[in-house]
Trainee: 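First the structure, then my questions, so here it is.
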Amino acid sequence: MKNGINKVTLVGHVGEAPRVSQLKENGIVASFSLATNEYFKDKEGNEKQATEWHRVVVWKKQAELIHRYVKKGDPLYVEGKIHTSSWENKEGNKRYSTEVHCDNFLFLSTRDSN
C-alpha cells in the first residue's frame, strides 16, 4: 500500500473561544480546544470520566464560520487529519505539538435568536 489513511473524527465540546489570526493572503485561521469525554466503570463499579483535549485548526471560510458562531462549551463534530510539528525550545530540547487540521465540521446545537 502506497498511502496510509490519516483521518480523525471527534465529537466533543469547545473548551475555549476560538482564537483567530489573519493570514498573509487575505484568509484567516482559527484554533480552539475540543474536549472529548469517555465514561467507564472502575473495578468497584463506580462510573468514571476521562477527558481528552484536542487542538483543532481551521482555515479560510470555515474559520470565519467558527469565529462567528462557535463559543466555549458548544458541542461540535469535527473531521480532519492529525498533524504533528516539532521545534527546539530555548534550552535546546525538542518539543512536539499535535493538532487536528479540520477538513469538515458540523454544529451540534442550534443558536437562540437572541
Side-chain angles (χ1 to χ4, degrees):
M1 177 167 61
K2 190 173 184 178
N3 293 321
I5 296 173
N6 180 358
K7 180 149 181 102
V8 62
T9 301
L10 300 171
V11 176
H13 287 85
V14 176
E16 63 189 3
R19 286 180 261 157
V20 177
S21 301
Q22 189 70 38
L23 298 175
K24 293 178 184 176
E25 300 173 6
N26 297 332
I28 65 170
V29 60
S31 64
F32 58 93
S33 60
L34 188 76
T36 55
N37 296 311
E38 178 182 0
Y39 297 90
F40 59 93
K41 292 192 178 189
D42 64 12
K43 292 178 184 177
E44 290 79 36
N46 300 317
E47 188 172 274
K48 299 287 183 179
Q49 175 185 339
T51 302
E52 286 288 330
W53 288 94
H54 314 274
R55 169 75 35 209
V56 180
V57 182
V58 187
W59 286 271
K60 299 179 183 176
K61 197 72 157 169
Q62 290 184 325
E64 292 176 24
L65 292 171
I66 290 288
H67 176 62
R68 184 176 297 157
Y69 297 110
V70 174
K71 307 289 183 248
K72 179 180 178 176
D74 285 350
L76 206 61
Y77 170 95
V78 172
E79 289 180 347
K81 298 175 186 151
I82 295 176
H83 177 78
T84 302
S85 53
S86 64
W87 69 94
E88 285 191 14
N89 66 10
K90 293 177 185 177
E91 294 79 32
N93 298 318
K94 196 159 194 173
R95 306 294 297 178
Y96 297 91
S97 175
T98 302
E99 304 170 327
V100 175
H101 286 190
C102 179
D103 298 325
N104 189 28
F105 67 89
L106 294 172
F107 301 111
L108 298 179
S109 67
T110 58
R111 282 272 175 239
D112 230 353
S113 58
N114 297 331

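None of these values were measured; they are calculated from a predicted model. When reading the values below, keep in mind they use all heavy atoms of this one structure, side chains included, and skip hydrogens, waters and symmetry mates.
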Trainee: Give the minimum heavy-atom separation between Ser97 and Trp87, together with the two atoms involved.
Mentor: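 Heavy-atom minimum between the residues: CB-CZ3, 3.5 Å.
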Trainee: Please check this pair: side chain of Gln22 against backbone of Gly27, looking for a donor-acceptor N/O pair closer than 3.5 Å.
Mentor: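 Checking the backbone N and O of Gly27 against the side chain of Gln22, a donor-acceptor pair under 3.5 Å is found.
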Trainee: Quick one: closest heavy-atom pair of Ala63 and Ala30, and the distance?
Mentor: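 Looking at all heavy atoms of both residues, the closest pair is CB-N, 3.7 Å.
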Trainee: Would you check if the side chain of Asn6 reaches a backbone N or O of Ile82 as a donor-acceptor pair within less than 3.5 Å?
Mentor: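 Pair found, side chain donor or acceptor close to backbone of Ile82.
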Trainee: Phe32 and Leu76: which non-hydrogen atoms are nearest, and at how many Å?
Mentor: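 In terms of heavy atoms, the two residues are closest at CZ-CD2, 3.7 Å.
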Trainee: Applying a strict under-4.5 Å side-chain criterion to I, L, V, M, F, W and Y, I'd like to know whether Val70 and Leu10 cluster together.
Mentor: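 Yes, one cluster joins them.
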Trainee: Between Glu79 and Lys7, is there a donor-acceptor pair closer than 3.5 Å when you use the side chain of the first and the backbone of the second?
Mentor: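 Flag not set: sc Glu79 to bb Lys7 has no pair under 3.5 Å.
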Trainee: Are side-chain N/O atoms of Asn89 and Glu91 paired as donor and acceptor at under 3.5 Å?
Mentor: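 Their side chains do contain a donor-acceptor pair, which is all the 3.5 Å distance test asks for.
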Trainee: Can you give me the closest heavy-atom contact between Ser31 and Arg55, atom names plus distance?
Mentor: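 Nearest pair, atom of Ser31 first, then Arg55: C-NH1, 3.9 Å.
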Trainee: I need the minimum non-hydrogen distance between Asp103 and Gly80, along with the two atoms involved.
Mentor: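 Shortest heavy-atom contact: OD2-CA, 3.7 Å.
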Trainee: Are there more than 12 heavy atoms of other residues, nucleotides or ligands under 6.0 Å from atom CD of Glu16?
Mentor: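 Atom CD in Glu16 is packed in, count exceeds 12.
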Trainee: To the nearest 0.5 angstrom, please state how far the OG atom of Ser85 sits from the NE2 atom of His83.
Mentor: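 Ser85 atom OG to His83 atom NE2 measures 5.0 Å (nearest 0.5 Å).
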Trainee: Considering all heavy atoms of both residues, which atom of Val56 and which atom of Cys102 are nearest to each other, and what is their separation?
Mentor: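 Closest pair (atom of Val56, atom of Cys102, distance): CG1-CB, 3.9 Å.
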